[in-house]
Amino acid sequence: MMRRRSMPWIHRWSRQLLGAVAVLGALNTAYLTYLKVSGDPATCPITQSCDRVLTSPYAEFLGIPLPLLGLLAYLSMAIFALVPLAINSDSQRELRSQLEEWSWLLLFAGGTAMAIFSGYLMYLLFFKIGGLCIYCLASAFFSASLFLLTIVGRSWDDIGQMVFIGIVVGMVTLIGTLGVYSLAEGPAPGTPGKNIPAITGSPEPTKGGWPITTDSGPAELALAEHLTATGAKMYGAYWCPHCHEQKLLLGKEAFSKINYIECAPEAKNPQPKVCELAGITSFPTWEINGKLEKGVQEGEKLGQLSGYQGKTNFKYSLGKR
């Protein structure tokens, strides 16, 4: 009499492993979502580029914070993996069997989409953003692990169906991702509101930032002189697209008069200690009359904050977003 072949251990524990990896991925992306929404600085071991990655134009997808989408994806994978395990009564055996069959297809489709999307994000990380975020690398590892576990975690009876689903999901994910991010890369990363010219030249900034392509008017020059005379400071980072928006609003002549403090340690003329002592947690941040004001500010707002009484016919505005 032949001995019945035992089930491989990976098949017995695949759903638990998938659930565990998905939960780890959810915790990782939940932290990144908090950082993205709150603007707090990241605790980034090994590298110091996490904030640069989170504030890049690629950190949003269709206007939604990218970590939030990752969090939802990991939570969905955890649900698909673990819900069938909660059904263990004999009376519901048929329901569990159906759930297992459908959830495996959903797990495979989700794992495929996440792996392809993460692969493209790794391309952006290394070749577009030029930073290194340990949390992003961890998320890519979790996504790849989920994809591999869905393949080896069960015996697939219909390999053709599996390949077909993988090809369709992969093509839709890749085409959709390329289409959406082509909009982000359109004029250039960090392109400001429609009343400000687009960044020209290379989409990647030098250590001194993107070139300022706007000319200042009399109002911008007068405002800049007033801000400097009253001790106002602007804190920023060369790689920050919103800091470049602020520079474009002022124009190159006026910005040259601003007391600008560069916070990125690897930049040209950096002052990271000054930024740390000032309590700067996001870029750009203005220090005006002893108070910190986060975000890009139009000329009118800077005038109100600083008590400026001069010309107000500013040349540029952010326009409607």
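- Thr214 contributes a side-chain N or O that, together with a main-chain N or O of Leu248, makes up a donor-acceptor pair within less than 3.5 Å.
- If you chain together hydrophobic residues whose side chains sit under 4.5 Å apart, Leu174 and Phe164 never meet in one group.
- Side-chain contact between Leu149 and Leu107 is absent, with no heavy-atom pair separated by less than 4.5 Å.
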Distance-only criterion, 3.5 Å: show the donor-acceptor pairs between side-chain atoms of residues 62-73 and protein atoms not counting sequence neighbours.
none

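- Hydrophobic clustering of Ile, Leu, Val, Met, Phe, Trp and Tyr side chains at less than 4.5 Å, counting indirect connections, unites Leu106 with Met77.
- Ile288 places a side-chain heavy atom less than 4.5 Å from the side chain of Leu302.
- Looking at Tyr238 and Lys268, their side chains never come closer than 4.5 Å, going by heavy atoms from C-beta outward.
- Formation of a donor-acceptor pair under 3.5 Å by the Thr228 side chain with backbone atoms of Glu225 is not found in this model.
- Rounded to the nearest 0.5 Å, atoms CG (Leu249) and CD1 (Ile212) are 11.0 Å apart.
- Classification of the Phe142-Tyr74 ring pair by plane angle, with boundaries at 30° and 60°, yields perpendicular.
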query = Would Tyr120 and Phe117 satisfy ring pair (Phe, Tyr, Trp, His ring centres under 6.0 Å), going step by step from the backbone distance to the final call?
reply = CA-CA 5 Å; Tyr120 185 72; Phe117 190 65; 7.5 Å; no

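- The backbone N or O of Ser306 lies less than 3.5 Å from a partner atom in the side chain of His226, making a donor-acceptor pair.
- No donor-acceptor pair closer than 3.5 Å links the side chain of Ser143 to the backbone N or O of Ala115.
- A cation-pi arrangement is not found for Lys36 relative to Tyr31, the charged atom failing to lie both closer than 6.0 Å to the ring centre and inside a 45° cone about the ring normal.
- For OH of Tyr260, the number of neighbouring non-hydrogen atoms (other residues, nucleotides, ligands) closer than 6.0 Å is greater than 12.
- When the disulfide (SG to SG under 2.5 Å) test is applied to Cys243, no partner is found at least two apart in sequence or on another chain.
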Residues Tyr235, Glu287; criterion side-chain hydrogen bond (donor to acceptor under 3.5 Å, both in side chains); working and verdict = CA-CA 8 Å; Tyr235 299 88; Glu287 183 179 350; 2.6 Å; yes

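- A single hydrophobic cluster is seen to contain both Ile10 and Leu146, as judged by linkage of ILVMFWY side chains at heavy-atom distances under 4.5 Å, directly or through other members.
- Looking at heavy atoms from C-beta onward, Ser103 lies out of side-chain contact with Val83 at the 4.5 angstrom threshold.
- What you find for Pro270 and Pro265 is that their closest heavy atoms are CG-O, 3.4 Å.
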request  = Using the side-chain contact (heavy atoms from CB on, under 4.5 Å) rule, take Met122 and Cys136 through it: C-alpha gap first, then chi angles, then the decisive distance, then the call.
outcome  = CA-CA 8 Å; Met122 289 300 99; Cys136 304; 4.2 Å; yes

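- Taken from CG in Leu305 to OG1 in Thr230, the straight-line distance is 10.5 Å, to the nearest 0.5 Å.
- A salt bridge is absent between Glu220 and Lys311: the closest approach of a Lys/Arg side-chain nitrogen to an acidic carboxylate oxygen does not fall below 4.0 angstrom.
- With a 4.5 Å cut-off on side-chain heavy atoms, Asp215 and Lys252 count as touching.
- Here the CG-OG distance, from Leu99 to Ser97, works out to 9.0 Å after rounding to the nearest 0.5 Å.
- Annotation: side chain of His242 is not in contact with side chain of Phe283 (no heavy-atom distance under 4.5 Å).
- Side-chain contact between Leu121 and Tyr123: absent, with no pair of heavy atoms (C-beta onward) separated by less than 4.5 Å.
- The cluster map of Ile, Leu, Val, Met, Phe, Trp and Tyr, joined by side-chain heavy atoms under 4.5 Å apart, puts Ile79 and Met114 in different clusters.
- Evaluation of the side chain to side chain contact (heavy atoms under 4.5 Å, CB included) rule for Trp156 yields Trp104, Leu105, Phe108, Arg154, Ile159, Met162 as partners, not counting sequence neighbours.
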ask   = Does the pair Tyr316 and Glu298 meet the rule for a side-chain contact (heavy atoms from CB on, under 4.5 Å), with working shown?
value = CA-CA 8 Å; Tyr316 306 107; Glu298 293 188 333; over 6 Å; no

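- Here CG of Leu32 is found 7.5 Å from OG of Ser139. Values are rounded to the nearest 0.5 Å.
- Heavy-atom minimum distance, Lys301 versus Gln297: CG-OE1, 3.2 Å.
- Residues passing the salt bridge (Lys or Arg N to Asp or Glu O under 4.0 Å) test with Lys233: none are found, sequence neighbours excluded.
- Clustering ILVMFWY residues whenever any of their side-chain heavy atoms sit less than 4.5 angstrom apart, transitively, puts Ile165 in the very cluster that holds Val152.
- Annotation: the span from Ile280 atom CD1 to Ile261 atom CD1 amounts to 8.0 Å, rounded to 0.5 Å.
- Scanning for ring-ring contact (aromatic ring centres under 6.0 Å, His included) contacts around Phe147 gives an empty result, with sequence neighbours left out.
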key: side-chain contact (heavy atoms from CB on, under 4.5 Å) between Ser216 and Leu250, intermediate numbers included   = CA-CA 6 Å; Ser216 306; Leu250 292 167; 5.5 Å; no

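- Not a single salt bridge (Lys or Arg N to Asp or Glu O under 4.0 Å) links Glu300 to another residue, sequence neighbours left out.
- Nearest heavy atom pair, residue Thr112 against residue Gly166, reads CG2-O, 3.8 Å.
- Using a 4.5 Å cut-off on side-chain heavy atoms (C-beta onward), Leu227 and Trp286 make contact.
- Remark: Gln304 CD to Glu293 CD distance equals 10.5 Å, nearest 0.5 Å.
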task = Before giving the answer on side-chain contact (heavy atoms from CB on, under 4.5 Å), spell out for Glu262 and Asn269 the whole-Å C-alpha distance, their side-chain angles and the decisive distance to 0.1 Å.
result = CA-CA 7 Å; Glu262 175 62 57; Asn269 304 319; 5.8 Å; no

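- When all heavy atoms of Pro241 and Trp210 are compared, the pair lying nearest together is CA-CZ3, 3.7 Å.
- Here the closest non-hydrogen pair linking Asn313 and Ala219 is OD1-CB, 3.5 Å.
- Here the side chain of Arg15 pairs a donor or acceptor atom with the backbone of Ala81 at under 3.5 angstrom.
- Taking every heavy atom of both residues into account, Ala232 and Asn259 meet most closely at O-CB, 3.5 Å.
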